[in-house]
Protein chains: 2
Amino acid sequence: MVVQRLESDKSLNQLFRALADGTRRSILARSLTETPSVSELAARYKMSFAAVQKHVAVLERAGLIQKRANGRAQLVSTNRARLQRAGELLDHFESTWRQRMGQLDDVLLPKGK
Amino acid sequence: MVVQRLESDKSLNQLFRALADGTRRSILARSLTETPSVSELAARYKMSFAAVQKHVAVLERAGLIQKRANGRAQLVSTNRARLQRAGELLDHFESTWRQRMGQLDDVLLPKGK
DNA sequence: CTATCGTACAACCATATGGTTGTACAGAGA
DNA sequence: TCTCTGTACAACCATATGGTTGTACGATAG
């Protein structure tokens with residue numbers, strides 16, 4: 001069975017890559033409840049402004065957040081559509097896995113130790 | 001209420017990192033329906049045996065697969081418990097996100113790092 | 001206008017990643 | 001036994017990543 005190509009490999013790679021860093025997951029979480037500026041975000045972390053700026057850029061490239069200018073500030077917010085899309089992708093992975101696991105269950109589960 | 005630290009940051013990083021490569025996702029998928037040896041896996045990809053071996057090692061370190069010796073062959077299978085665990089983590093992320101999207105309630109941020 | 005703030009970006013550095021080739025060794029088969 | 005196969009692992013290379021500092025520039029405050 002061929003898994004439907006819902007998203008390019010590169011896009012999936014970027015998505016998971018973006019999530020593979022605690023600082024970025026934290027930024028993403030914050031940007032869900034607030035709409036902080038980049039410098040407000042940067043103030044929360046021990047690293048330099050430029051470092052946070054890079055993390056924001058990674059999240060932006062992965063499509064998980066977006067920036068919108070407000071005067072000289074760049075306000076960061078999550079891209080909800082993309083976030084949902086990300087969720088669907090993960091769900092898709094999971095369901096594929098579970099489906100396959102289900103097939104395996106027929107063989108492996110009867111023992112149920 | 002404090003959100004339980006279900007998994008260490010490092011563990012989460014490894015998990016997402018492991019998923020952020022198409023070859024590894026493919027290996028993971030194959031190892032769900034089959035229990036291929038490392039060399040059988042390697043035969044399916046254009047890269048060298050050693051390269052595939054490294055990908056397998058990454059998946060193993062992330063806890064997504066396990067190897068079991070059968071004679072001189074190393075048979076690769078998915079760690080179903082860990083896989084489910086991975087799914088739960090993703091679900092946890094999603095539900096947290098959705099919850100935050102739904103209401104600006106308590107902020108459960110693992111504090112600033 | 002001038003000073004400052006928020007941002008962008010370049011240059012640099014150390015380490016990690018993803019690939020290669022080559023060597024070594026244990027298990028299976030002639 | 002001796003050979004081939006499957007695996008492990010080291011060394012190496014190019015590029016990516018995650019951090020730094022420094023410079024530049026538009027927007028805002030005084």
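Note that the structure is a prediction, hence the values are computed from the model and not measured. Every chain is numbered from 1 and lettered A, B, ... according to where its sequence line falls, protein lines coming before strand lines.
A continuous path of ILVMFWY side-chain contacts below 4.5 Å connects L28(A) to Y45(A), so both sit in one hydrophobic cluster. Placement of L15(A) and V76(A) within a single hydrophobic cluster is found when ILVMFWY residues are connected by side-chain heavy-atom separations under 4.5 Å, directly or transitively.
Residue contacts for S48(A): at a heavy-atom cut-off of 4.0 Å it reaches a base atom on one of the strands shown. Across all strands shown, A42(A) has no heavy atoms under 4.0 Å from either base or sugar-phosphate atoms. S37(A) comes within 4.0 angstrom of the backbone, heavy atoms only, and of no base. Contacts of A51(B) with the nucleic acid, taken as non-hydrogen atoms under 4.0 Å apart, include base atoms.
Looking at N13(B) and R25(A), their side chains do bring a donor and an acceptor atom within 3.5 Å of each other.
Considering only heavy atoms from C-beta on, Q66(A) comes within 4.5 Å of S77(A) through its side chain. A heavy-atom distance below 4.5 Å is not found between the side chains of E40(A) and R30(A). L64(B) is not listed as a side-chain neighbour of V58(B), based on a closest heavy-atom distance of 4.5 Å or more.
A salt bridge does not link R17(A) with D21(B): none of the charged nitrogens is closer than 4.0 Å to a carboxylate oxygen. Salt bridge annotation for E34(B)-R44(B): present, with a cationic side-chain nitrogen under 4.0 angstrom from a carboxylate oxygen.
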Sort me out a list of protein N/O and nucleotides 24-30 of chain D N/O pairs below 3.5 Å, or just none if empty.
residue	atom	partner	partner atom	Å
dA27(D)	N3	R72(A)	NH1	3.4

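Using a 4.0 Å cutoff to heavy atoms of chain B, the contacted part of DNA chain C runs 5' to 3' from dT17(C) to dA28(C).
Here Q53(B) reaches the OP1 or OP2 of dA8(D): one of its side-chain N or O atoms lies under 4.0 Å away.
Mapping Q74(A) and K54(A) onto DNA chain C by nearest heavy atom places Q74(A) at the nucleotide closer to the 5' end.
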